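Residues take their numbers from the sequence shown, with the count starting at 1. Atoms within a ligand are numbered from 1 in the order they appear, just like the ligands themselves. If you're wondering where the values come from, they're calculated on a predicted model, not measured in any experiment. Keep in mind that the numbers below use all heavy atoms, side chains included, and drop hydrogens, waters and symmetry copies.
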Amino acid sequence: MNREKMIGQLDSISEWDICVIGGGATGLGVAVDAASRGLKTVLFERFDFAKGTSSRSTKLVHGGVRYLQQGNIKLVLDSLTERGTMLKNAPHLVRNLSFIVPNYEWWESPFYGLGLKAYDWMAGNLGLGPSEFLSLEETLEAAPTLDPNGLRGGTRYHDGQFDDARMAIHLAMTAADHDAVVLNYFPVEGFIKSNEKICGVLVKDGMTGTTYEIKAKAVINATGVFTDGVLQLDDPEAASIISPSQGVHLVFDREFFPSDTAIMIPRTDDGRVLFAVPWHHKVIVGTTDTPVDTPSIEPRALPEEIDFVLQHMRDYLSSDPTYADIRSVFCGLRPLVKRNSKTTASLSRDHHISIADSGLITITGGKWTTYRRMAEDVVDVAIESAYLPEGISMTTQLHIHGYQENTEFHSLLYYYGTDRHYIEQLIADDPSLGEKIHQSFPYVTAEILWAVREEMCMTIEDFLARRTRMLFLDAAASMEAAPFVAELMAAILQHDQSWIKQQMDDYRMVAKNYLPNIN
Ligand SMILES: Cc1cc2nc3c(=O)[nH]c(=O)nc-3n(C[C@H](O)[C@H](O)[C@H](O)COP(=O)(O)OP(=O)(O)OC[C@H]3O[C@@H](n4cnc5c(N)ncnc54)[C@H](O)[C@@H]3O)c2cc1C
């Protein structure tokens with residue numbers, strides 16, 4: 001997947017069938033669905049793929065135990081089906097993870113135990129393993145750092161886990177494998193209209209400033225919390241439909257949760273669930289739910305959100321983590337749809353599709369787990385509204401780029417799937433490329449070459465935050481790794497010293513938001 005080549009293809013088609021705005025889970029899913037149906041598809045992302053909410057999730061591919069508590073059965077059933085589909089089509093990226101719900105009150109074991117049996121039953125033959133009641137000893141064996149004071153036992157259940165930004169890159173590559181043009185650092189800045197109907201977009205190459213007029217039969221707005229801004233590019237009077245809500249995660253070393261089992265706290269002080277999930281040799285704990293007025297591409301955790309998560313960890317763990325134990329803080333914005341928003345076609349699921357008078361199609365809401373279903377639904381709407389050639393969605397059966405069965409989830413480079421062989425070949429040709437980039441992470445130098453050549457990695461932040469996850473795993477260590485990454489990227493991309501300096505300045509600005517002591 002090469003950016004220059006993709007830009008070269010922009011002129012090869014005079015009118016695209018589908019133009020997608022936004023390169024998060026939703027937009028990339030739409031590009032995969034449309035391109036695999038044979039539609040001429042182009043996607044533009046303002047920053048990097050998954051730079052927004054889609055790299056900042058809890059990393060769960062799940063039916064949603066919380067939605068079960070709320071009685072939203074339809075959403076849980078749909079999400080469990082999608083969980084099974086994701087695991088089937090991306091076995092190199094999604095794994096089966098077991099979760100423990102610790103029980104401190106007498107009623108919790110039967111209550112959560114029965115609820116999770118219902119969860120098993122709803123998953124049917126897409127289940128990832130039966131839930132089970134655990135004795136006190138079994139609970140502590142599975143989660144040895146739980147506070148034993150008052151602990152009665154636990155319930156174990158299963159859900160899926162993934163690396164969200166890596167999945168996004170592989171979706172972009174899947175779309176490209178089906179001849180879609182997908183471009184990062186390409187903001188959509190306006191629309192082309194004929195008789196007040198949208199017939200294309202005005203885009204700019206954010207790297208060079210070159211502008212393009214791109215004609216398309218259907219334009220799909222998949223911009224998450226930025227949906228309102230794009231709606232208002234079309235119609236300055238358009239009503240706001242998004243109400244963003246912020247969620248914060250803290251990342252710790254594995255010593256706080258040494259086992260490979262996640263913990264689910266079913267009821268926090270504000271009535272939510274809280275997860276502690278092992279991920280890339282660390283543990284991520286979250287999340288919160290704080291309404292936000294104005295969406296930002298780099299939202300910042302509030303001190304009270306950090307305190308909230310820390311306090312719950314202290315309540316449930318035998319040790320008391322402090323600020324000094326936090327390796328990274330990351331924050332994402334949920335694109336929640338306002339209840340009173342008028343959508344011309346609203347589906348009974350968690351996501352919303354609307355069509356403006358101009359013909360602009362908007363899809364928003366949902367979650368990572370349901371990205372495929374959202375994409376299928378909105379491409380169906382686009383086919384009907386723009387009279388595109390009919391075609392049935394292929395994505396329930398479509399393998400995601402790099403597809404490989406029997407993945408060893410702890411092995412080096414596993415997250416590339418079959419692409420791993422290319423990186424191993426780079427190392428075989430030049431063994432110095434097998435050296436670690438930083439002693440705190442397993443990532444090796446060859447990954448920088450691969451990311452720049454094949455994964456449209458344009459900045460050091462792209463590499464440190466989304467091609468690898470160093471920023472999310474240990475922000476301070478990622479800043480130490482940054483100069484080496486900048487030097488090598490500059491050499492590959494033939495940039496000079498001033499590029500390196502600018503990249504370092506930009507990266508420091510972003511990374512300091514992930515350090516807990518500066519927040
Ligand atoms: C804290 C938190 C935890 C979560 N945990 C989970 C979980 O564990 N499992 C799960 O299934 N879901 C989870 N979710 C939900 C999931 O992450 C989101 O539903 C999903 O990532 C939203 O994707 P999106 O593509 O709609 O939005 P985004 O990822 O934000 O993508 C929108 C993109 O549009 C781009 N854009 C904006 N304007 C323009 C423009 N003018 N031109 C071009 N591009 C533009 C932006 O740069 C952005 O990249 C979580 C969400 C949050 C906030």
Suppose I only count heavy atoms of [X] and a 4.0 Å limit; which atoms of ligand 1 are within that range?
X	result
Ile21	40 (C), 42 (N), 43 (C)
His249	1 (C), 3 (C)
Phe44	43 (C), 44 (N)
Lys59	8 (O)
Thr369	10 (C), 11 (O)
Gly247	1 (C)
Ser54	20 (C), 21 (O), 22 (C), 23 (O), 24 (P), 25 (O), 28 (P), 29 (O)
Phe47	47 (O)

Worksheet entry | Separation between NE2 of His170 and OH of Tyr415, rounded to the nearest 0.5 Å | 10.0 Å
Heavy atom of the protein closest to [atom] (residue, atom name, distance):
atom	value
atom 8 (O) of ligand 1	Leu60 N, 3.1 Å
atom 14 (N) of ligand 1	Ser57 CB, 4.1 Å
atom 41 (N) of ligand 1	Val188 O, 3.1 Å
atom 16 (C) of ligand 1	Trp368 N, 3.6 Å
atom 2 (C) of ligand 1	Arg56 O, 3.9 Å
atom 36 (N) of ligand 1	Thr223 CG2, 3.6 Å
atom 5 (N) of ligand 1	Thr58 N, 3.0 Å
atom 26 (O) of ligand 1	Thr26 OG1, 2.7 Å

Discussion item. Both conditions, 6.0 Å and 45 degrees, for the charged tip of Arg46 above the ring of Phe226: are they met here?
Written reply: yes
Worksheet item: Is the NZ or CZ atom of Lys40 both under 6.0 Å from the centre of the six-membered ring of Trp16 and within 45° of that ring's axis?
Response: no
I'd like to know if the side chain of [X] and the backbone of [Y] have a donor-acceptor N/O pair within less than 3.5 Å.
X	Y	answer
His351	Gly365	no
Lys338	Leu336	no
Ser478	Leu464	no

Fill in: Of Lys88, Arg372, Lys367, the residue whose pairing with Glu82 passes salt bridge (Lys or Arg N to Asp or Glu O under 4.0 Å)
Arg372
Worksheet item: Less than 4.0 Å between a side-chain N and a carboxylate O, is that true for Asp159 and Arg83?
Response: yes
Worksheet item: Charged N to carboxylate O below 4.0 Å: is that the case for Glu461 and Arg466?
Response: yes
Practice prompt. Could you tell me which residues satisfy side chain to side chain contact (heavy atoms under 4.5 Å, CB included) with Glu4, sequence neighbours excluded, listed by chain and number?
Written response: Asn2, Ile7
Worksheet entry | Verdict with supporting geometry, Phe47 and Ile297, side-chain contact (heavy atoms from CB on, under 4.5 Å) | CA-CA 9 Å; Phe47 299 107; Ile297 194 67; 3.7 Å; yes
Discussion item. Is there a polar contact between ligand 1 and Gly332, counting only N or O atoms under 3.5 Å apart?
Written reply: no
Discussion item. Please report whether ligand 1 has a polar contact with Thr53, defined as an N or O pair separated by less than 3.5 Å (distance criterion only).
Written reply: yes
Worksheet item: Should Gln246 be listed as contacting ligand 1, given a heavy-atom distance under 4.0 Å as the test?
Response: no
Worksheet item: Out of curiosity, is Thr287 lining ligand 1, as in a heavy atom under 4.0 Å away?
Response: yes
Worksheet item: Quick one: are Ile241 and Thr227 in side-chain contact, heavy atoms under 4.5 Å?
Response: yes
For ligand 1, does [X] get within less than 4.0 Å through its side chain, its backbone, both, or neither, judged by non-hydrogen atoms?
X	answer
Leu333	backbone
Ala222	backbone
Glu189	neither

Fill in: All pairs passing salt bridge (charged side-chain N to carboxylate O under 4.0 Å, His left out) where residues 25-34 contributes a residue, at least two apart
Asp33-Arg37
Practice prompt. Check the pair Thr155 / Ile100 against side-chain contact (heavy atoms from CB on, under 4.5 Å), numbers first and verdict last.
Written response: CA-CA 6 Å; Thr155 313; Ile100 301 271; over 6 Å; no
Discussion item. Which option wins on minimum heavy-atom distance to atom 47 (O) of ligand 1: Arg334, Lys51, Glu45, Arg46?
Written reply: Glu45
